[in-house]
Amino acid sequence: VRTQVGIVGAGPAGLLLSHLLYRAGIESVVIEARSRDHVEQRQRAGVLEQGTVETLIAAGVGERLQREGMVHEGIDFRFDGTAHRIDVKWLSGGRVVTVYAQTEIVRDLIAARVGDGGVILFASEVICIDDIDGDTPVIRFRHDGSEHTLACEYVAGCDGFRGVCRDAIPEGVLTTYRRDYPFAWLGILAEAPPGSHEVIYAYHDNGFALQSMRSPRVSRLYLQCPLDDDAVDWSDDRIWSELHARLAADGFALREGPITQKAITGMRSFVVEPMQYGRMFLAGDAAHIVPPTGAKGLNAAVGDVRVLAAGFEEFYRRGKSDLLARYSDIALRRIWKVERFAASLCTMLHRFDGDDAFTRRMQLADLAMITSDPLAGMIYANNYAGLPFEV
Ligand code: FAD
Ligand code: DHB
């Protein structure tokens, strides 16, 4: 079996790439370790930058997103028991974000690929990639207990942080930059209407808390917790009591309801350079991770895929490999700005073990700056609504 671009991973990066390649007349096969059900139900990101929304609409997969997505023109920062709204639309010159869950984007993209006759091999775990620096790399994968191969002209490693593509690159090629944070997030899904129609980021002595949403009836909530906590130690009562304490502000009423999911996620900043070796390109979480403050992970993956798809299109349509050769440089220029934003928000909003009174005052001063000084607010709003794409 052969294809032009072999794509490892059916997350947002791999699926969007496959869809954009199809629209450009380029053949691809997506190989995904998990089942279709699993990838469609994996609860993850929720906030889409304006450019991500425009990319999905332009690619013909924005119909449900436009109908069901919830447009947010601002964000609410809470500290000192008070709500401070940032008017993202005004401060960014008219741009907004849209709350539409990653699960829905993944569903829309899978439906589009399947509808167009695209090949996505689910429950097929890639074991290794041979000959990345030769002319015909080969993806080796396991399906139903037996081993198969896919020969490709190029490989796109869209297999997330724990995938195999990055590790297939010979030692010494990649430089890794990383910071691990000494806390985690407990992510909660609750059948309760959100108490506010905008996302809330709360700074509190007990730790950070966040209220977002998945629909007018379903809240998505997060609580900072110790890294070694287990979700089973968080009873529903304990969760609601912490959320009430951390999200409190005058006139705000948190709505409770049945909790349907709880999971703990560690946090890190991580980048590898370059994002390419031989005939393999890394995109999305396979190449970089941000801490979730700022909701940038999925949006960063879309930024990479735009450049990579345009590079393949230029190569297959016009025989020019210039853009593919510059893929890593172009993608990394944007990624480092996104990393800066996510890491600085993460540092500003969380409680670090042993932080002193001075550090807490600095965090509060940063929060006061971005919520009261329009110049600082503009920088925040531009990053939150999404930095421009080069390609
Ligand atoms: P992924 O979505 O990770 O997709 C990679 C795919 O590759 C997966 O389907 C995986 O099963 C598959 N794969 C892995 N190994 C193999 C293999 N060997 N063979 C075949 N397939 C393989 N971002 C936010 O902005 N806000 C959030 O709240 C948020 N929460 C998150 C919670 C969790 C638990 C995680 C892990 C991430 C979260 N993120 C969040 C980040 C965001 O979801 C990611 O940035 C986004 O999913 C990146 O898309 P991707 O396609 O690059 O990678
Ligand atoms: C969501 C996740 C985030 O990390 C964030 O900063 C805002 C919202 C969400 O899941 O909706």
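As the structure lists them, so they are numbered: ligands from 1, and atoms in each ligand from 1. Starting from 1, each residue takes its place in the sequence as its number. Predicted, not measured: the structure shown is a model, and the values here were computed from it.
Near Gln102, the atoms of ligand 1 lying under 4.0 angstrom from a non-hydrogen atom of the residue are 2 (O), 42 (C), 43 (O), 46 (C), 47 (O). Heavy-atom proximity to Val39, at under 4.0 Å, picks out these atoms of ligand 1: 9 (O). Listed by atom number, the atoms of ligand 2 under 4.0 Å from Gly294 heavy atoms are 6 (O). Of all the atoms in ligand 1, the ones that sit under 4.0 Å from a non-hydrogen atom of Ile31 are 20 (C), 21 (N). Taking a cut-off of under 4.0 Å to the non-hydrogen atoms of Ser124, the atoms of ligand 1 that pass are 20 (C). Taking every non-hydrogen atom of Tyr201 and a distance limit under 4.0 Å, the qualifying atoms of ligand 2 come out as 5 (C), 6 (O), 7 (C). Of all atoms in ligand 2, listed by their number and element, those nearer than 4.0 Å to a heavy atom of Ser212 are 8 (C), 9 (C), 11 (O). Remark: ligand 1 atoms within the under-4.0 Å shell around heavy atoms of Gly9 are 6 (C), 7 (O), 12 (C). Annotation for ligand 1: atoms under 4.0 Å from non-hydrogen atoms of Ala295 are 25 (O). Every atom of ligand 2 with a heavy atom of Arg44 under 4.0 Å away is listed here by number and element: 10 (O). Ligand-side atoms of ligand 2 in range of Arg220: 10 (O), range being under 4.0 angstrom from any heavy atom. Listed by number with element, the atoms of ligand 1 under 4.0 angstrom from any heavy atom of Gly163 are 15 (N). Within ligand 1, the atoms closer than 4.0 Å to a non-hydrogen atom of Val164 are 18 (N), numbered from 1 in the order shown. Interface of Val47 with ligand 2, defined as ligand atoms under 4.0 Å from a residue heavy atom, comprises 7 (C), 8 (C). Near Trp185, meaning under 4.0 Å from one of its heavy atoms, ligand 2 places the atoms 4 (O).
Tested against Phe208, the residues Tyr203, Trp185, Tyr222 include a single ring-ring contact (aromatic ring centres under 6.0 Å, His included) partner, Trp185.
Side-chain contact between His84 and Asp76 is absent, with no heavy atoms from C-beta onward closer than 4.5 Å. Arg214 places none of its side-chain heavy atoms less than 4.5 Å from the side chain of Ser219. Between Met280 and Ile169 there is a side-chain heavy-atom pair separated by less than 4.5 Å. Side-chain atoms of Arg220 and Leu189, non-hydrogen and from C-beta on, do get closer than 4.5 Å to each other.
Residue Pro12 has at least one N or O atom closer than 3.5 Å to an N or O atom of ligand 1. For ligand 1, the polar-atom distance check against Ala286 finds no nitrogen or oxygen pair separated by under 3.5 Å. Checked by distance only, ligand 2 and Pro292 come closer than 3.5 Å through their nitrogen or oxygen atoms. At least one N or O atom of Glu32 sits closer than 3.5 Å to an N or O atom of ligand 1. Below 3.5 Å of separation, one finds an N or O of Tyr222 facing an N or O of ligand 1. In terms of N/O distances under 3.5 Å, ligand 1 is not approached by Gly284. Between Asp285 and ligand 1, a contact under 3.5 Å exists for at least one N or O pair. In terms of N/O distances under 3.5 Å, ligand 1 is not approached by Val8. Where the criterion is an N or O separation shorter than 3.5 Å, residue side chain and backbone included, Arg42 meets it with respect to ligand 1. Considering backbone and side-chain N/O atoms, Gln43 never comes within less than 3.5 Å of an N/O atom of ligand 1. Among the atoms of Arg44, some N or O lies under 3.5 angstrom from an N or O of ligand 1.
Using bins of under 30°, 30° to 60° and over 60° for the plane-to-plane angle, the ring pair His148/Phe141 lands in the parallel bin.
Within the 4.0 Å cut-off (strictly below), a protein heavy atom is located near atom 49 (O) of ligand 1.
Scanning the protein for heavy atoms near atom 4 (O) of ligand 1, the closest one is Gly11 CA, 3.4 Å. Among all protein heavy atoms, the one lying closest to atom 51 (O) of ligand 1 is Ala13 N, 2.9 Å. Atom 22 (C) of ligand 1 has Ala33 CB, 3.8 Å as its closest protein atom, hydrogens excluded (heavy atom only). Here the protein heavy atom with the shortest distance to atom 14 (C) of ligand 1 is Asp159 O, 3.2 Å. Looking only at protein heavy atoms, the nearest one to atom 1 (C) of ligand 2 is Tyr222 CE1, 3.9 Å. Looking from atom 23 (N) of ligand 1 to the surrounding protein, the closest heavy atom is Ala45 CB, 3.4 Å.
Residue Tyr384 is not grouped with residue Ile200 when hydrophobic side chains (ILVMFWY) are merged at heavy-atom distances under 4.5 angstrom, including chains of intermediate members.
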- Task: Please test Asp236 against Arg238 for salt bridge (Lys or Arg N to Asp or Glu O under 4.0 Å), starting from the C-alpha separation and ending with a verdict.
- Result: CA-CA 5 Å; Asp236 292 7; Arg238 182 176 172 210; over 6 Å; no
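Closest approach of Tyr316 and Val5 over heavy atoms only: CE1-CG2, 4.3 Å. When every heavy atom of Ala83 is checked against every heavy atom of Arg78, the shortest pair comes out as CB-NE, 3.7 Å. Closest non-hydrogen pair, Gln211 versus Ser196, comes out as NE2-N, 3.4 Å. The two residues Ser328 and Met275 make their nearest non-hydrogen contact at OG-N, 2.8 Å. Here the closest non-hydrogen pair linking Pro216 and Pro194 is O-CD, 3.5 Å. What you find for Gly157 and Cys165 is that their closest heavy atoms are CA-SG, 3.5 Å.
Listed by first and then second residue, the salt bridge (Lys or Arg N to Asp or Glu O under 4.0 Å) pairs that reach into residues 274-287 come to none, sequence neighbours excluded.
Listed for the Arg268 side chain is no donor-acceptor partner under 3.5 Å among the backbone atoms of Arg179. No donor-acceptor distance shorter than 3.5 angstrom exists from the side chain of Arg64 to the backbone of Asp108, with no hydrogens or angles considered.
Expressed to the nearest 0.5 Å, how far CZ of Arg334 lies from CZ of Phe389 amounts to 4.5 Å.
Under the 4.0 Å criterion applied to side-chain N and carboxylate O atoms, Lys89 and Asp87 are not assigned as salt-bridge partners.
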Could you list the donor-acceptor pairs under 3.5 angstrom formed between side-chain atoms of residues 114-128 and any protein atom two or more places apart in sequence or on another chain?
{"unit_1": "Ser124", "atom_1": "OG", "unit_2": "Phe122", "atom_2": "O", "d": "2.9"}
{"unit_1": "Ser124", "atom_1": "OG", "unit_2": "His143", "atom_2": "ND1", "d": "3.1"}

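For Val126, heavy-atom contacts with ligand 1 shorter than 4.0 Å involve the backbone as well as the side chain. Contacts between Leu210 and ligand 2, counted as non-hydrogen atom pairs separated by less than 4.0 Å, involve the side chain only.
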